[in-house]
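Single-structure report; data block below.
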Amino acid sequence: QDKDLKVGAIYMDAQGFYAGVRKGIQDGAKDAGRKLEVIETNAQGDVSKESSFIDSLISAGVQAIIVSPVSADGSFRAIRRAHDAGIPVVCYNTCLSENDMKDYVSAYAVGDPYQFGHKLGDAAADYFLAEKKDAPTIAVLNCEFVEVCVTRRKGFEEALFAKVPNAKIVDNQEGATLDKAVSVASTMLSSHPDLDAFFGEAGGATLGAARAVKSQGRVGKTVVFGGDMTTEIAQELADFSVIKAVVDISGQGLGKLALTQAINSIDGKPPAGIKVAYDIDLYKSAEDGKGWLEAHADGIP
Amino acid sequence: MSNDQAVRTVPSGAPRRRGLSQHMNEISLFVAIVALYVVFTTTANGFMSFNNQINILRDAATIGIAAWAATLIIISGEIDVSVGPMVAFISVALAYLLQWGIPTPLAFVLAIIIGAALGSIAGILRAYFDVPSFVGTLGLWSALRGTALFMTDALPVSIGRNDIVDMLDRPVLGVPPAAIIMLILFAVFAFVSRKTAFGRSVYAIGGNPQAAFLSGINVARIRVQLFAIAGAMAAVSGILLLSRLGSGNATAASGLEFDVIAAVVVGGTALSGGRGSMLGTLLGVLVITLIGNGLVLLGINPFFQQVVRGLIIVVAVLANIQAIKRGAARSKG
Amino acid sequence: MSNDQAVRTVPSGAPRRRGLSQHMNEISLFVAIVALYVVFTTTANGFMSFNNQINILRDAATIGIAAWAATLIIISGEIDVSVGPMVAFISVALAYLLQWGIPTPLAFVLAIIIGAALGSIAGILRAYFDVPSFVGTLGLWSALRGTALFMTDALPVSIGRNDIVDMLDRPVLGVPPAAIIMLILFAVFAFVSRKTAFGRSVYAIGGNPQAAFLSGINVARIRVQLFAIAGAMAAVSGILLLSRLGSGNATAASGLEFDVIAAVVVGGTALSGGRGSMLGTLLGVLVITLIGNGLVLLGINPFFQQVVRGLIIVVAVLANIQAIKRGAARSKG
Amino acid sequence: MTQSANARQSHPVDGAIAALEGCTKRYPGVLALDNASFRVAPGEVRALLGKNGAGKSTLIRMLTGAEVPDSGTVSIDGVALSGSGSARAQEAFVRGVRVVYQELSLVPGMSIAENLFLGRWPRRAGVLDYTGMEAEARDAMQRLGLDMPPSDPVAGLSPAERQLVEIARVLLGKPKLVILDEPTSSLAAAEAEKVMAAVKRIAADGIAVIYISHRMNEIRQIARSATVMRDGRIIDTVDVAGADTREIVRLMLGSEAAQAAAVETKARDKVVLDISGLALAPKLASVSFQLRQGEVLGIAGLLGAGRTELLQAIMGVRAYDRGTICVDGIDIRRPGYRAMLDRGFGYTPESRKEEGIVPLLGVDENTVATDFAAVSRRGILSARRIAEATRDVIARLHVKTAATDTPIGTLSGGNQQKVVIGRWVHAGSRVLLLDEPTRGVDVEAKAQIYTIIRQLAAEGRSVIFVSSEIEELPLVCDRVLVLREGRLMEEFTSPNIDQDAVMAACIAGH
Ligand SMILES: Nc1ncnc2c1ncn2[C@@H]1O[C@H](COP(=O)(O)OP(=O)(O)OP(=O)(O)O)[C@@H](O)[C@H]1O
Ligand SMILES: Nc1ncnc2c1ncn2[C@@H]1O[C@H](COP(=O)(O)OP(=O)(O)OP(=O)(O)O)[C@@H](O)[C@H]1O
Ligand SMILES: [Mg+2]
Ligand SMILES: [Mg+2]
């Protein structure tokens with residue numbers, strides 16, 4: 001099986017996570033012994049760009065498209081066009097609605113965003129119980145201009161309230177890029193001087209919250225739970241003074257999985273249930289942080 | 001020699017020059033387009049396929065429809081940076097209108113009216129309150145994107161099945177309706193800009209607003225109309241966007257204003273007003289769209305594509321200016 | 001009366017008017033700032049806390065440092081839209097320099113040189129090749145953001161422990177160094193703009209480049225210098241950003257150019273060039289920063305914050321223009 | 001005469017085609033028009049005289065509806081103008097008011113034809129009728145002896161040609177009142193003649209003409225009566241034939257004018273500038289001359305003779321094809337503008353507004369911009385030194401300004417021009433190249449500028465003085481050279497500079 005492989009890959013926006021996905025796709029090809037040509041684009045969080053890219057990929061004659069759709073409802077037409085053109089579409093990270101998925105998607109390498117939030121909410125709840133805080137106040141730094149982030153928060157809230165019913169979300173502001181997150185988190189600390197924790201929905205938010213807690217001299221009072229591992233978040237976790245738990249879907253792992261599914265789909269062997277689950281990892285100790293750093297020496301998540 | 005002198009000698013100088021220099025601009029763009037075709041045909045797989053050519057047309061429509069109006073605005077000495085959010089906002093507003101059961105054609109008309117009304121806000125601020133159009137449209141840019149996101153929570157607003165909307169996305173003899181609409185509107189704008197009092201007034205206002213006012217041109221009204229037209233064109237883009245995506249999307253068309261302005265400027269329209277042509281913009285739209293399409297097909301790293309785009313915009317404008325200068329110099333002797 | 005007439009009467013007209021209308025601009029901004037303070041103190045929890053005031057200063061530094069240079073650029077009749085990507089690019093480049101073990105102070109100097117060199121590209125294109133600064137800096141905007149993302153894959157570039165960098169983020173007597181640097185640079189720019197041949201030449205070039213050239217002012221060189229300075233200031237912002245975030249981030253400072261231009265324009269500097277003041281920009285920076293801070297404290301929906309920002313920019317400029325007009329009218333008698 | 005009599009009959013009441021009743025207009029800080037009443041009858045050519053800033057242009061803007069008076073009424077053809085903004089201007093236009101504004105009001109990027117019909121393009125079924133437009137435009141231009149193709153862009157025309165296009169514009173349609181605000185200020189004598197011939201024809205058709213000019217000889221040629229304005233007030237309307245120039249000037253100034261004396265020249269030997277064989281296609285074929293220290297050298301020539309290009313070539317702002325330029329005996333090869341400034345040259349451009357002043361900046365900064373170092377201490381501008389240097393220039397050149405930091409855009413044209421010359425005095429320039437320094441400047445300021453130039457020459461500076469007003473050459477120049485067909489054809493030396501002879505030399509062969 002040494003045929004050339006030509007796939008299109010679309011990354012949702014400019015996040016480090018997708019660097020991991022890319023590496024995963026390339027490693028996946030190597031593992032499968034295939035010479036891979038990958039045509040990559042970045043939708044920059046914009047369904048209209050995504051739609052146009054998918055059309056271009058169809059024209060380019062790719063054998064499969066690996067995509068993390070920006071929006072369940074907004075992306076389905078473009079994906080339908082790819083499907084109609086006979087090109088198998090593999091979702092990763094995000095996908096279409098259940099019905100559309102059945103019709104137009106060959107496989108979905110999923111680290112379910114609800115589970116993603118849920119696991120972290122659970123860990124946060126455990127932390128508060130251990131600290132004997134039965135009514136903690138929490139502020140959210142969101143990335144809710146993309147749909148996954150809304151789902152992540154739902155999962156987080158439900159898990160948290162299940163165990164700590166008196167917990168309270170006191171604020172929810174956008175802070176997806178690191179600098180914005182630092183600034184917004186600092187300001188939130190002014191308006192909520194006794195804030196117990198931040199929930200960062202994505203990498204920039206998580207690290208930004210941690211930086212703000214440190215620069216505002218709130219270490220030991222306010223802690224951070226968040227998503228998406230990067231080198232710096234892992235270092236913070238290893239330090240364990242601010243970040244107490246991080247939930248992560250490995251970009252590399254997911255990318256590898258998506259490519260495997262793409263190869264299978266090209267070969268006419270898509271997974272039966274479409275969804276292929278990928279593990280969501282929870283890191284909740286200094287050791288976990290150090291472990292991640294050792295496993296990802298190149299910094300690619 | 002100082003560049004100021006150089007700049008000044010371009011508009012002044014020998015008669016009959018305009019013909020040639022305008023020519024030079026369009027010829028140099030045409031050469032650029034041919035060059036892009038040659039390069040991409042030989043290097044990018046699938047570039048010349050019928051499907052891909054259609055894709056290019058469809059992508060061109062997104063930029064083009066807004067760019068026609070933007071050309072007039074820039075010729076009149078103003079600028080409009082609100083295009084992207086306007087398109088997204090209209091797609092969302094239209095989706096809601098359709099959800100509320102308003103008949104589709106009526107909803108389209110309403111969407112265009114909303115677009116024109118929103119656009120004319122910036123126009124009125126400019127014309128009657130001396131608020132620079134950059135500021136007025138920057139305000140709209142922020143306000144419209146914010147409103148659209150706020151109303152939808154950044155979630156797509158689905159419109160379900162709608163035959164008329166779907167039809168707008170279904171190719172007619174292989175050509176997508178968006179492309180047809182773009183070309184029809186191009187013809188309209190090219191005609192208006194050259195053959196009507198309104199169009200010529202736009203040039204006059206851009207070239208010398210004081211003189212235009214003194215010769216009885218209703219400068220204020222034309223400014224308002226220009227921005228209303230730009231809003232209406234953004235609405236048309238918004239309608240086409242809705243038909244393509246099947247839902248209203250508050251996050252869509254991000255950065256479209258940059259592509260539009262880049263296309264107009266690459267097309268040889270001067271940001272200082274008074275000079276420019278629709279044909280130039282058409283070629284500019286093609287250059288921008290071709291580059292976007294070709295780079296994707298070549299599988300260039302998406303971040304690196306941004307680098308290439310930035311360089312190409314600058315190089316295109318630079319080449320254009322040099323071509324005009326050289327044309328001017330040649331016609332001197 | 002037509003607005004063209006109105007516009008024209010502002011610059012011409014009575015002697016000694018300049019003093020009062022400039023006054024009006026700054027007074028009206030000052031009133032706006034006081035009003036914002038009153039509103040936010042009564043409605044937003046923690047707004048008046050020492051910590052929050054410091055946060056405001058720190059946020060102001062991000063916009064301010066770039067805005068000082070942007071003010072000069074806009075006064076000279078040009079524009080720079082590349083600020084955000086420039087800051088991000090420098091933070092990334094600096095992070096790499098530090099990773100390579102270059103001594104921190106040297107790395108800072110190199111970062112500033114890189115910024116100045118990149119900025120002067122746009123300047124050279126403008127000064128010697130007649131490429132409009134909007135196009136040149138738009139090209140930089142795209143190319144720099146793309147390069148930074150490409151180099152880092154959108155991942156933060158960690159610099160590990162670095163005492164000097166950390167120091168830049170550690171408050172001195174409660175005041176963050178970024179704020180101190182901003183204020184020092186403000187003093188420098190205010191001085192340069194009013195008390196040096198360079199500063200006055202900038203005004204002359206913005207007011208009438210041809211006349212400035214014929215008076216013997218080296219227009220081309222000053223244009224290049226202006227963009228080099230803007231690049232250097234963006235580099236200073238980039239250094240401070242690195243110190244605040246502890247890493248170089250290609251995605252940081254997105255949209256900063258809009259905030260910077262908005263601050264300058266709200267501060268009363270005319271986009272058409274020739275008119276403006278550093279003090280106005282300082283007040284404009286405060287207005288923009290206060291709004292940003294207050295809205296977050298109030299817990300306003302972040303999407304809705306965008307709407308409010310858009311409206312406030314327009315209203316501020318509108319009020320400013322009206323205040324200047326009224327000031328002009330009052331000095332009639 | 002019969003025609004004008006007919007026309008008169010169709011305007012009953014008092015025969016006025018346009019009338020201003022008690023009009024007052026205030027601009028911030030200035031009373032530009034003070035209770036002015038004014039009327040003009042069909043077939044009449046009325047001159048409007050006054051110093052810079054007297055309110056002439058303001059009065060015109062009332063008549064054209066471009067501005068609304070603060071109080072008082074404006075009636076055209078017996079009907080008072082109402083409305084505001086462009087509607088008012090449209091109203092006046094429909095009633096037959098046509099105007100050539102003082103500021104060029106053409107759109108450079110558009111064709112001559114389009115400019116002639118600006119805002120009123122002929123339409124056929126809503127579509128512009130270019131063919132008809134260009135045909136009419138060609139007719140209108142031929143009446144003024146212009147033969148450029150009407151489809152040419154205005155941007156390619158020289159300032160003078162632009163002015164003629166503007167004049168052609170007012171002849172279109174059926175004008176009843178034609179207003180010309182300094183139509184000849186950018187024209188040389190021969191072209192001015194064309195304009196005056198056109199004006200006479202217009203008047204003969206029973207059209208009223210209001211003619212503003214600072215050139216007394218033109219006014220004597222075409223106007224029977226002249227209205228004199230001062231400080232926004234109408235002082236008097238005099239019979240031109242019956243009043244001598246001194247009397248009119250006295251009305252304008254409110255006092256006796258200083259009479260410019262003819263030049264007493266003396267032998268000079270040191271050559272500071274030596275030009276030989278300078279060529280610049282298509283205008284200059286081969287220009288050679290020498291400029292001596294302390295000399296004022298006049299350059300006369302027709303419109304488009306290339307005088308501006310000559311000065312620009314010397315200054316290095318325009319590349320030339322061939323020739324040598326020697327400064328103090330040293331061949332400087334290709335001059336650069338700033339290098340020329342460093343050699344002690346100074347240049348004032350012919351269009352003051354577009355290239356001369358920075359309107360928003362004060363008189364002070366417009367003055368010291370040529371040499372910031374002289375008003376700096378250790379690289380820092382000294383407010384005291386700037387004020388001193390400016391006061392110095394203001395005093396020496398008799399600039400009338402409220403303060404040193406008054407924005408220069410608010411000064412009258414003559415005073416602006418003095419500052420533009422004064423900046424080279426500040427820079428200590430020893431060779432001054434002045435292109436049309438008296439354009440649009442009133443009699444008083446003109447006389448002052450002549451005096452200033454003579455003083456500068458007496459101090460040992462050399463001046464090249466380009467002027468289209470031949471009558472002023474004998475008042476300032478030691479020598480006059482005539483530029484014709486790309487060469488310097490004839491030379492006149494003071495006191496033998498005869499206006500008529502210079503004029504003849506300019507147009508010889510035409
Ligand atoms: N738009 C304006 N705004 C403010 N002041 C003005 C304006 N127009 C004219 N003025 C002032 O009104 C006065 C009369 O000006 P006007 O232009 O009528 O003079 P003028 O007699 O035409 O002078 P000139 O011979 O220089 O053309 C001057 O003091 C002038 O500065
Ligand atoms: N406002 C202006 N805009 C552009 N070019 C100008 C302007 N003023 C002067 N010039 C340039 O200077 C030249 C002067 O034009 P014109 O034909 O009147 O001058 P000339 O040949 O020197 O004649 P004259 O002897 O009357 O000065 C033109 O060729 C033109 O290139
Ligand atoms: Mg006047
Ligand atoms: Mg000339």
Side-chain angles (χ1 to χ4, degrees), chain B residues 2-8 10 125-132 134-136 138-151 153-154 209-210 212-213 219-220 250 258 261-262 265-266 270-272 301-315 317-318 321-322 325, chain C residues 2-8 79 125-132 134-136 138-151 153-154 209-210 212-213 219-220 250 258 261-262 265-266 270-272 301-315 317-318 321-322 325:
Chain B
S2 142
N3 63 306
D4 284 281
Q5 294 301 103
V7 175
R8 196 167 59 95
V10 174
L125 284 170
R126 168 65 189 93
Y128 297 104
F129 298 96
D130 300 327
V131 175
F134 184 86
V135 175
L138 186 60
L140 272 184
W141 179 86
S142 189
L144 288 179
R145 181 74 75 191
T147 309
L149 287 166
F150 182 61
M151 294 192 319
D153 260 330
Q210 192 64 27
F213 173 77
V219 176
F258 277 111
I261 295 173
V265 169
V266 166
L271 281 172
S272 49
N301 177 303
F303 298 138
F304 197 70
Q305 289 181 22
Q306 283 190 48
V307 181
V308 177
R309 276 162 159 267
L311 294 181
I312 287 189
I313 290 173
V314 173
V315 169
V317 173
L318 185 61
I321 288 172
Q322 300 303 319
K325 273 194 201 160
Chain C
S2 139
N3 60 306
D4 284 280
Q5 296 298 99
V7 175
R8 199 165 55 94
I79 196 147
L125 283 171
R126 167 67 189 92
Y128 297 103
F129 298 96
D130 300 327
V131 175
F134 183 86
V135 175
L138 185 61
L140 273 185
W141 179 87
S142 188
L144 288 179
R145 182 73 76 190
T147 310
L149 286 167
F150 181 60
M151 293 192 320
D153 260 330
Q210 194 59 29
F213 171 77
V219 176
F258 277 110
I261 295 172
V265 169
V266 166
L271 281 172
S272 48
N301 176 306
F303 298 140
F304 197 70
Q305 288 180 24
Q306 282 191 47
V307 181
V308 177
R309 274 159 163 270
L311 294 181
I312 286 189
I313 290 172
V314 173
V315 169
V317 172
L318 185 61
I321 289 172
Q322 300 303 319
K325 274 194 200 162

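By convention in this document, chain letters (A, B, ...) are assigned in the order of the sequence lines, proteins followed by strands, and residues within each chain are numbered from 1.
Residue C:I261 touches chain B through its side chain alone, counting heavy-atom pairs closer than 4.5 Å. Heavy atoms closer than 4.5 Å to chain B are found in both the backbone and the side chain of C:V131. Neither the backbone nor the side chain of C:L144 comes within contact range of chain B, judged by heavy atoms closer than 4.5 Å.
Counting only residues at least two apart or on different chains, the side-chain hydrogen bond (donor to acceptor under 3.5 Å, both in side chains) pairs with a member in residues 139-151 of chain C are C:W141-C:E257.
Of the inter-residue distances, the one linking C:L138 atom CG with B:R309 atom CZ reads 10.5 Å to the nearest 0.5 angstrom.
The side chain to side chain contact (heavy atoms under 4.5 Å, CB included) test with C:F129 is passed by exactly one of B:L318, B:V314, B:I321, B:V317: B:L318.
With respect to chain C, the highest number of heavy-atom pairs below 4.5 Å among B:V315, B:N301, B:I312 belongs to B:N301. Interface check for chain B: of the options C:A250, C:G146, C:P132, the most heavy-atom pairs under 4.5 Å are formed by C:G146.
Not counting sequence neighbours, the partners of B:F150 by the ring pair (Phe, Tyr, Trp, His ring centres under 6.0 Å) test are C:F304.
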